[in-house]
Colleague: 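I'd like to ask you about the structure that follows.
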There are 2 protein chains.
Amino acid sequence: MKAETKDFYIEQDKMYVATDCIIFGFDAGKLKLLIFKRRVEPQKGAWSLIGSFVKLEENVSEAAQRVLTEITGLKNVFMEELKSYGVADRDPGYRCISIAQYALIRVEDYDRELVEKHGAHWYDMKEVPNLVLDHNQMVADALERLKRKARYQPIGFELLPEKFTIPQLQQLYEAIYQKELDARNFRKKVLSHNVLIKLEEKDKSSSRRGAFLYKFDHDTYQQLLQSGYNFEIS
Amino acid sequence: MKAETKDFYIEQDKMYVATDCIIFGFDAGKLKLLIFKRRVEPQKGAWSLIGSFVKLEENVSEAAQRVLTEITGLKNVFMEELKSYGVADRDPGYRCISIAQYALIRVEDYDRELVEKHGAHWYDMKEVPNLVLDHNQMVADALERLKRKARYQPIGFELLPEKFTIPQLQQLYEAIYQKELDARNFRKKVLSHNVLIKLEEKDKSSSRRGAFLYKFDHDTYQQLLQSGYNFEIS
DNA sequence: ATAATAAATGTAATTTATACGTTAATTTTA
DNA sequence: TAAAATTAACGTATAAATTACATTTATTAT
């Protein structure tokens, strides 16, 4: 590299880059958020999203995956960038920008022990306490994103077990949209996309009659996408 | 601040944070992109988006506004975060992440002189040349975002002069969606939202008869938003 | 055998989207 | 000054999607 190039860079300011994860779950018919007791100052002991500084040699998305895996023990979790939080004085310590990511996990899957070790807690989305820094804003923004995105992309399934019933799926959408849906119309709409595989088994945990289990058909969905199809729920 | 806090931060890696602007315009019925001859290594002289390093004392969004104002002379331009580009080796110089922002500007408004001084050029979106680093990816991502967002938020108007005709508006949407639209249905749909104010004047630049000019009614739009209304075009 | 419970289904009414042809206003030109 | 040319403006009929709404079914517990 030429000397002038190096000089140009050297004159510039460097800062910390962090990533914070808004981790959503779905349990007992409710949308949940996984938060943590903060272990470092400032505000040690306060509730916080989980996050980490990004290391020089890792991608931002890798940093987020690393954090998530450390905490939950899960790999291949759905995670997507939300937005950056780059206000100069957002962190009273040093200049630090954060790239927030939101993750959708199956509550049944994750390693409870690991989570408990980290002082974590699943909060009902409607009862999220005060969080440090701008984390409450991140959560609010992530919920908005989830609401919008669930409409036109089948990401809701990431929050359900692999096998689920239509009434469970409806509960999930009701929790995300914060709105009641008509069971007959919901079922019709969902099934009309032809991306659910009906299984022989029933789930009898919530009714005497039991409800048939379904699986999301990723392959068919991918094929449909290719042919210009649009997923949409409600 | 406690010593332990300081230590915790000091151990972490710092990096350069940049912002790059994807600047869209609309002229002669076509969607345009404003790009620049790069003035610094690496790849001095190559085509590039305009950008800047973020300074310690400024917000990321301020940095983007600063760049845009330097180049175009415009303030209060529509600009919104696209996403971050945080792959570890994206810039062969030093570790640098970029927060890309896309801007919509009225081509008529900007200061041509200033733009020419900066080695800028408006390219037709369909003829964008090779850009440095990951900038072509940024442009592609921004176009996708614009396509999606124009559907449910009236951001297209940011690209038109304050007064515009329905056929002009249609041309714009056709350019964004890359798809022809039916003039009768388009007019019906747009007017049904009741967010356009019809003026007495006509624009005769593109027909003998002339087409009536309209203005976007920001106030009414804001009111409608409050009452749970959804803007949607096509 | 009966009661209780949530699952599963269909149809009619309304709203929204699509497809498509004709007339109107104006300028240019013959 | 009449005719030709050109884009703007408009309406209706059909199809598709959404909404609203009530009954029957499968199963377990009593």
Side-chain angles (χ1 to χ4, degrees), chain A residues 28-30 150-152 154 160-161 163-175 177-215 224 227-234, chain B residues 28-30 150-152 154 160-161 163-175 177-215 224 227-234:
Chain A
K30 298 202 168 160
R151 236 165 252 288
Y152 63 85
L160 291 175
K163 300 174 182 180
F164 53 85
T165 68
I166 306 276
Q168 278 166 13
L169 186 62
Q170 179 177 344
Q171 272 198 314
L172 171 63
Y173 273 91
E174 289 180 333
Y177 295 163
Q178 298 186 70
K179 178 181 145 187
E180 298 208 338
L181 302 172
D182 179 273
R184 288 158 293 189
N185 294 337
F186 180 81
R187 179 183 296 266
K188 239 186 301 178
K189 189 71 197 269
V190 163
L191 292 177
S192 75
H193 289 290
N194 296 315
V195 290
L196 296 190
I197 299 168
K198 186 174 184 176
L199 307 176
E200 295 300 318
E201 307 167 67
K202 281 186 165 186
D203 172 295
K204 301 205 170 162
S205 62
S206 65
S207 82
R208 305 212 154 114
R209 179 180 178 176
F212 280 104
L213 288 161
Y214 289 79
K215 282 201 300 190
L224 287 171
S227 28
Y229 142 99
N230 274 313
F231 179 87
E232 203 186 316
I233 294 293
S234 175
Chain B
K30 297 200 169 163
R151 236 165 252 287
Y152 63 85
L160 291 175
K163 300 173 182 180
F164 53 84
T165 66
I166 306 277
Q168 278 166 13
L169 186 62
Q170 180 178 343
Q171 272 198 314
L172 171 63
Y173 273 91
E174 289 180 333
Y177 295 163
Q178 300 187 77
K179 176 181 146 186
E180 297 205 340
L181 303 172
D182 179 273
R184 289 157 292 192
N185 294 337
F186 180 80
R187 178 183 296 266
K188 241 185 302 178
K189 189 71 197 266
V190 164
L191 292 176
S192 75
H193 289 290
N194 298 314
V195 291
L196 296 190
I197 300 168
K198 186 176 183 174
L199 306 176
E200 295 300 319
E201 307 167 66
K202 281 186 166 185
D203 172 295
K204 300 204 169 162
S205 62
S206 66
S207 81
R208 303 197 205 290
R209 179 179 176 176
F212 280 104
L213 287 162
Y214 289 79
K215 282 201 300 190
L224 287 170
S227 26
Y229 141 98
N230 274 312
F231 179 87
E232 203 186 317
I233 295 292
S234 175

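Predicted model only: the values in this text are computed from it and were never measured. A note on names: the letters A, B, ... follow the listed sequences, proteins ahead of strands, and every chain is numbered from 1.
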Colleague: Reckon A:K202 has a side-chain N or O less than 4.0 Å from the OP1 or OP2 of D:dA26?
Modeller: no

Colleague: If a protein heavy atom is under 4.0 Å from the base, mark B; if only from the sugar-phosphate, S; if neither, -; do that for nucleotides 12-22 of chain D going 5' to 3'.
Modeller: B-----SBBBB

Colleague: Under 4.0 Å, counting only non-hydrogen atoms across every strand here, what does B:T165 touch: a base, just sugar-phosphate, or nothing?
Modeller: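 The answer is nothing, as B:T165 stays clear of every strand by at least 4.0 Å.
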
Colleague: Please report the distance, rounded to the nearest Å, between CD1 in A:I166 and P in C:dA6.
Modeller: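 For the pair A:I166 CD1 and C:dA6 P, the rounded distance is 18 Å.
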
Colleague: Is the base of D:dA5 touched by the side chain of B:R208 through a donor-acceptor pair closer than 3.5 angstrom?
Modeller: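 Check passes, donor-acceptor contact within cut-off.
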
Colleague: Tell me, yes or no, whether the heavy-atom count around B:K202 atom NZ, taken from other residues, nucleotides or ligands under 6.0 Å, exceeds 12.
Modeller: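 Yes, enclosed.
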
Colleague: Within this structure, what is the CZ-to-C1' distance between B:F212 and C:dT26, rounded to whole angstrom?
Modeller: 12 Å

Colleague: Mind listing the closest non-hydrogen atom pair of B:I166 and B:F186 along with its distance?
Modeller: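 That closest heavy-atom pairing would be O-CE2, 4.0 Å.
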
Colleague: Rounded to whole Å, please give me the gap between CD in A:Q170 and P in C:dT9.
Modeller: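 The distance from CD of A:Q170 to P of C:dT9 comes to 14 Å, rounded to the nearest Å.
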
Colleague: With a 4.0 Å cutoff (strictly under), does any side-chain N or O of A:R187 reach OP1 or OP2 of C:dA8?
Modeller: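 It does, given that an N or O in the side chain of A:R187 lies less than 4.0 Å from OP1 or OP2 of C:dA8.
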
Colleague: May I have the distance from B:F186 (atom CZ) to D:dA9 (atom P), rounded to whole angstrom?
Modeller: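 B:F186 atom CZ is separated from D:dA9 atom P by 12 Å.
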
Colleague: Taking all heavy atoms of A:L191 and all of A:Y214, pick out the closest pair and write down the distance.
Modeller: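 Scanning both residues, the minimum pair turns out to be CD2-CE2, 3.9 Å.
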
Colleague: From CD of B:Q168 over to P of D:dT7, roughly how many Å is that when rounded to an integer?
Modeller: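 Nearest whole value for this atom pair: 14 Å.
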
Colleague: Please report, rounded to the nearest Å, how far the P atom of D:dA26 is from the CG atom of A:D203.
Modeller: 18 Å

Colleague: Without decimals, in angstroms, what is the distance between B:F164 CZ and D:dA8 C1'?
Modeller: 16 Å

Colleague: Establish whether the base of D:dT25 is bridged to the side chain of A:R209 by a donor-acceptor pair shorter than 3.5 Å.
Modeller: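 Yes, a donor-acceptor pair under 3.5 Å.
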
Colleague: Hey, does the side chain of A:Q170 reach the backbone of A:R187 with a donor-acceptor pair shorter than 3.5 angstrom?
Modeller: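 No; judged by distance alone, with no hydrogens or angles, the pair does not exist.
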
Colleague: Are the side chains of A:H193 and A:L224 in touch, meaning some heavy atoms are under 4.5 Å apart?
Modeller: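 They are not in side-chain contact.
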
Colleague: Does atom NZ (B:K215) have a neighbourhood of more than 12 heavy atoms from anything else shown, all under 6.0 Å?
Modeller: no

Colleague: Please report, rounded to the nearest Å, how far the C1' atom of D:dA9 is from the CG atom of B:L169.
Modeller: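 To the nearest whole Å, that distance equals 15 Å.
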
Colleague: Contact between B:S234 and B:L181 at the side-chain level, heavy atoms closer than 4.5 Å - yes or no?
Modeller: yes

